[in-house]
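Numbers restart at 1 for each chain; the letters A, B, ... are given by sequence-line order, proteins then strands. It should be emphasised that the depicted structure is a prediction, and the values quoted were computed from it without experimental measurement.
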2 protein chains.
Amino acid sequence: MTNAPHPVRARRVPRAERREEIVAAAARVFGSKGYRAGSLAEVAEQVGITHAGVLHHFGSKDKLLWEVLDYRDRVDVEHLEGQHIPGGADLFRHLVRTARLNADRRGIVQAYTVLTGEAVTDGHPAAERARRRFEVLRGDISAAILAIAADQDVEVTRADADQAASAVIGVMDGLQTQWLLEPDVVDLPAATRSAILAILATVLGGPDHLPGDL
Amino acid sequence: MTNAPHPVRARRVPRAERREEIVAAAARVFGSKGYRAGSLAEVAEQVGITHAGVLHHFGSKDKLLWEVLDYRDRVDVEHLEGQHIPGGADLFRHLVRTARLNADRRGIVQAYTVLTGEAVTDGHPAAERARRRFEVLRGDISAAILAIAADQDVEVTRADADQAASAVIGVMDGLQTQWLLEPDVVDLPAATRSAILAILATVLGGPDHLPGDL
DNA sequence: TCACACTTACTGACTTGTCAGTAAGTAGCC
DNA sequence: GGCTACTTACTGACAAGTCAGTAAGTGTGA
């Protein structure tokens, strides 16, 4: 009798590999249900282990969330050749391209939207993270605007560039929410592109100074 | 012995009054913690009754949420004179004014942001509501753009107006999220105003056709 | 052999919702 | 006015479930 000596047990998987599986599953679960509503049991089930197994690897639900956020940041820049965010007009080309890609990555967009929305609730573990993320993005976009302005010989104040940067991030996020609810009504890439163009054109003092081919 | 014949009991309050208290409390709780994370017990505590008392009035947590959303919609238009949303350039004046008001109504903004973010999670009871809300808003804004275009003798397609409308809603929502996380960094009214102006100017084919004094 | 991935078994805290009981208020009637 | 019959607002106890987290044990692969 060599068959079925004991009930089916999950294949023993090396630590690093299992952790990756779990983080990917958690990204899906937290992304679709939210962090507070998503349970460790559901994450575990997707990997084929028990929720205690998940805790064995990450210690607590909060720590798992950190890993998910790190993971998502890594995935976010995966498709970038140089692995670093470009500057100047290239940054906006990158943003528009990201919007185009996002139209086929509903899960990732939903995760970002849900988690960001949840982050503004009282005492949420991802709040600080969301703040930092916005800060960095705003800085990058603002710098890119100032670079284009310098290149085009138009004067733009730091404050105006910052405000335009906030607006660019804002439309991108806001359009994503609408698109998630009604994908057939909102054309995410097109709307994102023209909104960014509108904001850029205005802050640069007219469409004449826009960088081409966004 | 006429004193304390039974433990202190909550003052007995007539139905309509109590329901209002509960809905207001629920709006605070769901607004600050989210619907799924906010508990009936916490709502009840704020009113000074038990969670069973809350259920006596509303039957279920879901039904309480509906009431909260209705309540918020009523409060939203409370400061409008005619109680109805204006059209044409007045609509944009109204939107900018709302942004100004919102800068002093953090709680309401947070409730809107949290609940809208939660609405994109799988099977959320407020999803349909959020969809309808966006649809109506988009329709109103799009119509206002077309009205201004007609007035200014510029040609704007329905599709372009719709897209601009989505963008206007998007910036407003997106900026609110950033402002909630960093109120000192983001100037909500100013950023909202200039972003709306930028989008309008572009869809109307240049700043010359903009309505004055937004 | 032994570290490690994991399960089983459990705890304690919370969740929404149900239900019976009770006090407070109200309408009808004498 | 005062008594009765009824409704309504609410409590407290409980059911039934979910949750994260802990502790101890077990099979497995290097």
Could you state the [atom1]-[atom2] distance from [X] to [N], rounded to the nearest angstrom?
X       : N      : atom1 : atom2 : result
A:Phe58 : C:dA5  : CZ    : C1'   : 13 Å
A:Glu17 : C:dC6  : CD    : C1'   : 15 Å
A:Leu40 : D:dC19 : CG    : C1'   : 8 Å
B:Glu42 : C:dT16 : CD    : C1'   : 15 Å
A:Lys61 : D:dT22 : NZ    : P     : 15 Å
A:Phe30 : D:dA20 : CZ    : P     : 8 Å
B:His57 : D:dT11 : NE2   : C1'   : 12 Å
A:Ile49 : C:dT8  : CD1   : P     : 12 Å

Item checked: Pairwise 5' ranking along DNA chain D for B:Ile22 and B:His51, keeping only the more 5' one -> B:Ile22
Notebook entry, point to check: Mapping A:Ala37 and A:Gly59 onto DNA chain D by nearest heavy atom, which one lands closer to the 5' end?
Noted result: A:Ala37
With a 4.0 Å limit, can you tell me whether [X] has a side-chain N or O closer than that to the phosphate oxygens OP1/OP2 of [N]?
X       : N      : result
A:Ser39 : D:dC19 : yes
A:Arg15 : C:dC4  : no
A:Arg18 : C:dA5  : no
B:His56 : D:dA9  : yes
B:Thr50 : D:dT11 : yes

In terms of side-chain heavy atoms of [X], which of [options] is nearest?
X       : options                : answer
B:Leu55 : D:dT11, C:dT18, C:dT15 : C:dT18
B:Ala52 : D:dG12, C:dT7, C:dG17  : D:dG12
A:Ser60 : C:dG17, D:dC10, D:dG21 : D:dG21

Notebook entry, point to check: Is any side-chain heavy atom of A:Asp70 less than 4.5 Å from a side-chain heavy atom of A:Arg129?
Noted result: yes
Note to self: Tell me whether B:Lys61 contacts the main-chain N or O of B:Tyr35 through its side chain, where contact means a donor paired with an acceptor under 3.5 Å.
What the structure shows: yes
Item checked: Flag, side chain of B:Arg72 to backbone of B:Tyr112, donor-acceptor distance under 3.5 Å -> no
Next item on the list: Hey, could you give me the CD/CG distance between A:Gln163 and A:Asp160, rounded to the nearest 0.5 Å?
Entry: 6.5 Å
Margin query: Return the NE2 to CZ distance between B:His124 and B:Arg36, rounded to the nearest 0.5 Å.
Written below: 5.0 Å
